[in-house]
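Some notes on the structure that comes next.
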Amino acid sequence: CRPVVIWEYPGGNVDLFPWDRQFIWFDKNMEVNTPGRICLFGEHQDYLGLPVIAMGISLRAKVIGEKRKDQEIIIHKPDIGETERFQLEDLSYSKPRDYFKSGLRVCKREGLSFSNGFECEIRSEIPIKAGASSSSAIVVSWINFLSQMADQPLKWNNKKIGELAYLAEVLEFEEPGGMMDQYATAMGNLVYVESGPDFFTQTLKASLGNFVLGDSLDQKDTLHVLSNCRDMRLDIFNKLRPANVGFDLHSCDLDLDLSALTEVEISKLKCTIENRDLLRTARSELNKDDIDHELIGAMLNKHHSILRDDLNVSTDKIEAMINAANNVGAFGCKINGSGGGGCMFAYAPEDPWSVADAIESVGGKAFLINADEGTKILS
């Protein structure tokens with residue numbers, strides 16, 4: 001059995017987990033780390049109030065730091081060559097998506113107080129701006145870190161940390177995303193998240209084995225893609241309601257009065273319902289003691305085809321990576337995240353190394369991954 005922490009490439013061994021040997025700047029420090037995530041089912045559905053099935057993965061982000069004697073907050077970001085500084089008494093936003101300040105504001109609204117600033121370092125193995133929730137993993141780590149830096153530290157459970165990260169990352173800036181990223185990275189492992197009509201989470205018991213995350217290395221415009229896919233369908237639902245009293249996306253089928261919709265709009269409605277029902281089938285399978293791995297792969301392929309053909313969020317590069325992975329024995333593949341670039345993943349429980357080689361052969365960057373636990377405090 002080959003070790004999962006070392007990846008062999010023609011150019012030599014690349015350590016997928018370099019943190020263990022990085023020099024840490026702090027003698028007395030608190031460390032928090034959090035997984036990235038992939039979305040198995042329900043992609044582009046959670047911001048409509050529909051459920052998702054996501055999985056925390058074994059690529060993680062971490063925050064390491066300690067209190068200062070003054071009120072300055074210093075955040076070192078060596079992965080991108082930046083350092084951020086601000087004063088604890090000035091939490092006014094100075095840029096879009098000012099998550100470190102919003103995290104502090106959310107924590108203070110929850111009753112935490114901070115008499116001292118702190119200095120920390122943030123590092124991440126998760127591909128940046130690629131759909132694997134690198135930003136949410138950092139925000140979740142930050143909220144967890146703040147809970148321990150407070151004058152009176154609190155041990156919030158991971159679901160609570162996910163809730164606060166959602167407030168800090170999405171609601172605070174009125175962004176179009178749903179709850180999946182924050183709850184999936186906070187809770188980890190394989191998790192079902194239902195945001196409406198009542199909030200509910202469930203850890204699914206399936207053991208899926210190996211996946212391969214493939215980064216296309218193409219940048220994506222997350223907010224633009226999310227806004228287009230969300231706003232278009234919200235308009236469709238609003239058009240349906242006058243002629244369909246009591247319209248409910250959780251229970252409806254296509255036996256509706258669709259006279260107010262164009263053919264394109266009917267297609268968008270149909271794909272939303274298909275993805276909703278596909279997730280329900282997958283959830284049932286993933287709750288079994290002995291799951292059908294090939295069926296899960298086939299459902300991933302089906303989900304991807306809907307995202308590609310009906311929501312138009314895939315790219316030529318992503319399609320080349322998916323075709324390469326499927327051709328060497330992946331059970332199934334799909335785009336991951338908002339789309340328009342970023343990552344895909346392949347379900348490859350039998351031979352992930354061949355799948356990763358295939359993804360690399362068409363220009364992607366491959367990471368061997370599996371399910372991993374949620375955010376945690378290490379020291």
In this structure, would [X] and [Y] fall into the same cluster of hydrophobic residues linked by side-chain contacts under 4.5 Å?
| X | Y | result |
| --- | --- | --- |
| L154 | I143 | yes |
| F345 | L217 | no |
| I74 | V32 | no |
| L190 | F200 | yes |
| I306 | M232 | no |

Output all residues satisfying side-chain hydrogen bond (donor to acceptor under 3.5 Å, both in side chains) with [X], sequence neighbours left out; order by chain, then residue number.
| X | answer |
| --- | --- |
| D151 | S113, S115 |
| S135 | E169 |
| E84 | K77, K95 |
| N238 | R241 |

How far apart are the C-alpha atoms of K155 and I377, what are their side-chain angles, what is the distance that settles it, and do they pass the side chain to side chain contact (heavy atoms under 4.5 Å, CB included) test?
CA-CA 10 Å; K155 184 66 175 78; I377 300 167; 4.2 Å; yes
State whether the side chain of [X] and the backbone N or O of [Y] hold a donor-acceptor pair below 3.5 Å, judged by distance alone.
| X | Y | answer |
| --- | --- | --- |
| N301 | C333 | yes |
| D90 | S92 | yes |
| R276 | L249 | yes |
| K317 | G341 | no |
| R37 | G131 | yes |
| S267 | E263 | no |
| D46 | M180 | yes |
| N158 | T375 | yes |
| Q219 | K129 | no |
| Q148 | P153 | no |

Which atom names give the shortest non-hydrogen contact between [X] and [Y], and what distance separates them?
| X | Y | answer |
| --- | --- | --- |
| I322 | I335 | CD1-N, 4.2 Å |
| T34 | S141 | OG1-OG, 2.7 Å |
| E66 | M149 | C-SD, 4.1 Å |
| A137 | I126 | CB-CD1, 3.6 Å |
| S207 | I291 | O-CD1, 4.5 Å |
| L213 | C343 | CD1-CB, 3.9 Å |

Mind checking whether F173 and Y93 have parallel, tilted or perpendicular rings, split at 30° and 60°?
tilted
Does the plane of the ring in F237 sit parallel, tilted or perpendicular to the ring in F247? Use 30° and 60° as the thresholds.
tilted
Show me the pairs that pass salt bridge (Lys or Arg N to Asp or Glu O under 4.0 Å) and involve residues 307-316, at least two apart or across chains.
R308-E319
Salt bridge (Lys or Arg N to Asp or Glu O under 4.0 Å) partners of E265, counting only residues at least two apart
K239
Side chain to side chain contact (heavy atoms under 4.5 Å, CB included), that's the test. Do D351 and V328 meet it? Break it down for me.
CA-CA 9 Å; D351 187 4; V328 295; over 6 Å; no
Could you work out, with side chain to side chain contact (heavy atoms under 4.5 Å, CB included) as the rule, every residue matching I138, not counting sequence neighbours?
A61, F100, I122
Do R233 and T272 have side-chain N/O donor and acceptor atoms under 3.5 Å apart?
yes
So the side chain to side chain donor-acceptor pair (under 3.5 Å) pairs with at least one residue in residues 325-336 (sequence neighbours excluded) are E43-K334
Pair listing, side chain to side chain donor-acceptor pair (under 3.5 Å) test, anchored in residues 243-260, at least two apart
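For residues 243-260, and leaving out neighbouring residues, the side chain to side chain donor-acceptor pair (under 3.5 Å) pairs sorted by first residue read D257-S259.
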I would like to know whether L112 and W156 meet side chain to side chain contact (heavy atoms under 4.5 Å, CB included); could you show each step before the answer?
CA-CA 12 Å; L112 298 188; W156 285 321; 3.4 Å; yes
CD (E89) with more than 12 external heavy atoms under 6.0 Å:
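Counting other residues, nucleotides and ligands, CD of E89 exceeds 12 neighbours.
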Could you check whether atom NZ of K268 has more than 12 heavy atoms from other residues, nucleotides or ligands sitting under 6.0 Å from it?
yes
Evaluate side chain to side chain contact (heavy atoms under 4.5 Å, CB included) for E163 paired with F199, printing each intermediate quantity in order.
CA-CA 11 Å; E163 174 194 344; F199 181 77; over 6 Å; no
Listed by chain and number, what are the ring pair (Phe, Tyr, Trp, His ring centres under 6.0 Å) partners of Y47, not counting sequence neighbours?
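Partners of Y47 by the ring pair (Phe, Tyr, Trp, His ring centres under 6.0 Å) criterion, ordered by chain and then number, come out as H44.
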Rounded to the nearest 0.5 Å, what separation is found between the [atom1] atom of [X] and the [atom2] atom of [Y]?
| X | Y | atom1 | atom2 | answer |
| --- | --- | --- | --- | --- |
| I75 | E121 | CD1 | CD | 12.0 Å |
| R85 | E72 | CZ | CD | 5.0 Å |
| I53 | Q202 | CD1 | CD | 8.5 Å |
| R60 | S134 | CZ | OG | 14.5 Å |
| H76 | C120 | NE2 | SG | 7.5 Å |

Using the ring pair (Phe, Tyr, Trp, His ring centres under 6.0 Å) rule, collect all pairs that involve residues 279-338, keeping only residues at least two apart or in two chains.
F331-Y347
Please step through side-chain hydrogen bond (donor to acceptor under 3.5 Å, both in side chains) for the pair N189 and T203, ending with a clear verdict.
CA-CA 7 Å; N189 294 308; T203 298; over 6 Å; no
Name each donor-acceptor pair under 3.5 Å that joins a side chain in residues 103-111 to protein atoms two or more places apart or in another chain, with its distance.
unit_1, atom_1, unit_2, atom_2, d
R105, NH1, L91, O, 3.3
R109, NH2, E172, OE1, 2.9
E110, OE1, K160, NZ, 3.0

